[in-house]
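Heads up, the thing below is written out as structure tokens.
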Amino acid sequence: MQLSIDVNGREVLITGSDHAARQAVRRYEAAGAVISRLSTPQGAHHDGPLPERPFLVAAVDDGQPGWEPLLERCRDNGIPVTSEPAAGANGHVTLVGGGPGTAELLTVAAIKALRDADVVFYDRLAPYQELPSLTSAELVDVGKRPGHHPVSQSGIEKLMVEAALDGKNVVRLKGGDPYVFGRGGEEVAACVAAGVPVRVVSGVTSAISVPAAAGIPVTHREVSHMFTVVSGHAPLTEKEHMHLAGLGGTIVVLMGIGTLHQLAAGLRKAGMSPEMPMAVIERGYRPGQRTTIAQLGTIVSAAADCTNPAVLVIGEVVRVGEANRGHAEASADLDRLAASLLGS
Ligand code: SAH
């Protein structure tokens, strides 16, 4: 069971060793509580009433024996006692997949890792706007945005490793899944090379979830039994276009807006029908989510004003999505959708 209690301005006694309690202290501080601390059970050996009756006791599970009598005494006195997780071992890195950009699609493991972090290095594709409510960690933006020089990949790796060697619980929060065009493997390698313990929390990849936000299933019985996820960061080779067109399954392209022209021409040249349905879904799960439906032969003009981040879907599953879309895509610009359908 989870309860929310307003602790703003309330006295909260946090029990547990300084090291184990440091994140709980930050969380309660951030919530506006007036904090007092007890770091060893011996600090409360007297049997009399508690010095100042707190509103709440937040008991951090620090592994020290001897807390129970004190906590029991609080409960007997009608003071609620919450049990708080201890801060994890320090000096490690967790690569966390943040999903396509909404906190709703974070995993339970991601929420836990964020809560326990001392510092979070995040990208702009991750659900960064919600971070202050999910963690009291220091937040560092290492992503690209206009007028802001992005931190280079080696710079990010250096920052992560240095923070972990400095004894911090580091979370590297990335959009989608860390291992899908996310350079997650390189970041793990950098930690391993520096002797820093590292683990990976998988995330919901945009390759599947963003089409789903537009009602498009990447596979569908009797329509498509495979899907291929491709990076459109650089144009594909002629051979790659041939292979893709020959597979006959769904093609999902990430980072594909800049090379859409080459992709459409390449697939046409490789023999794919100009009538093959295509969808461009921009800003999945975010304000301004928009779906553009066209066909291979018309997509370049239909999607002329589309911008990143966007996922492209090529395949008959786009038609399946059309039937379902009214249902699944609450925030789509339906006028535009209708216009593009009629126009194609
Ligand atoms: N690791 C990420 C992908 C990183 S590459 C993942 O698994 O999702 C970045 C590309 O992902 C963007 O150019 C875009 O193609 C896609 N993308 C990520 N989030 C998106 C979103 N909310 N809406 C549309 N496309 C998104």
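Just follow the structure's listing: the first ligand is 1, and inside any ligand the first atom is 1. Positions are given from 1 along the sequence. Values below: every heavy atom of this structure, side chains too, minus hydrogens, waters and symmetry copies.
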Run the salt bridge (charged side-chain N to carboxylate O under 4.0 Å, His left out) check on K158 and E162 step by step: do they pass? CA-CA 6 Å; K158 198 159 161 261; E162 277 172 3; 3.7 Å; yes
Identity and separation of the nearest protein heavy atom to [atom]:
{"atom": "atom 13 (O) of ligand 1", "result": "M255 CG, 3.2 Å"}
{"atom": "atom 23 (N) of ligand 1", "result": "G284 N, 2.8 Å"}
{"atom": "atom 9 (C) of ligand 1", "result": "L125 CD1, 3.4 Å"}
{"atom": "atom 2 (C) of ligand 1", "result": "G175 O, 3.3 Å"}
{"atom": "atom 7 (O) of ligand 1", "result": "T205 OG1, 2.7 Å"}
{"atom": "atom 26 (C) of ligand 1", "result": "P309 CB, 3.7 Å"}
{"atom": "atom 22 (N) of ligand 1", "result": "P100 O, 2.7 Å"}

Polar-atom distance check: [X] versus ligand 1, any N or O pair below 3.5 Å?
{"X": "G256", "result": "no"}
{"X": "E282", "result": "no"}
{"X": "G101", "result": "no"}
{"X": "P178", "result": "no"}
{"X": "F181", "result": "no"}
{"X": "V180", "result": "yes"}

Give the atom numbers and elements of ligand 1 that come within less than 4.0 Å of a heavy atom of [X].
{"X": "V210", "result": "21 (C), 23 (N), 24 (C)"}
{"X": "R286", "result": "22 (N)"}
{"X": "V311", "result": "25 (N)"}

Is V7 isolated, or which residues cluster with it under the ILVMFWY side-chain rule of less than 4.5 Å, directly or via members? I5, V12, I14, V25, Y28, I35, F55, L56, V60
Taking only residues two or more places apart in sequence, or in another chain, which ones meet E72 in a side chain to side chain donor-acceptor pair (under 3.5 Å)? R75
Report, as yes or no, whether the 6.0 Å neighbourhood of atom CE on M255 holds more than 12 heavy atoms from other residues, nucleotides or ligands. yes
Rounded distance (nearest 0.5 Å) linking atom CD of E275 with atom CG of L296: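 Here the interatomic distance stands at 10.0 Å.
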So how far is it from L38 CG to T40 OG1, rounded to the nearest 0.5 Å?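 Between atom CG of L38 and atom OG1 of T40 there are 6.0 Å.
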Identify the two heavy atoms, one from S224 and one from T250, that lie closest to each other, and give their separation to 0.1 Å.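 Answer, listing the atom of S224 first, then T250: OG-OG1, 2.8 Å.
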State, to 0.1 Å, how close P41 and Q64 come at their nearest heavy-atom pair, and which atoms those are.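 Shortest heavy-atom separation between P41 and Q64 comes out as CD-OE1, 3.5 Å.
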Counting heavy atoms only, name the option from S206, A310, A213 that's nearest to atom 19 (N) of ligand 1.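 Among S206, A310, A213, the closest heavy atom to atom 19 (N) of ligand 1 belongs to S206.
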Could you point out which residue of D61, T15, D62 forms a side-chain hydrogen bond (donor to acceptor under 3.5 Å, both in side chains) with W67?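 Running side-chain hydrogen bond (donor to acceptor under 3.5 Å, both in side chains) over D61, T15, D62 with W67 returns exactly one hit, D62.
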Mode of K174 contact toward ligand 1 - side chain, backbone, both, neither (heavy atoms, under 4.0 Å):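 None of K174 does.
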Examine distances only and state if a side-chain atom of E186 and a backbone atom of E157 form a donor-acceptor pair shorter than 3.5 Å.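 No; zero donor-acceptor contacts below 3.5 Å.
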Answer whether the closest heavy-atom distance between the side chains of H241 and L263 falls below 4.5 Å. yes
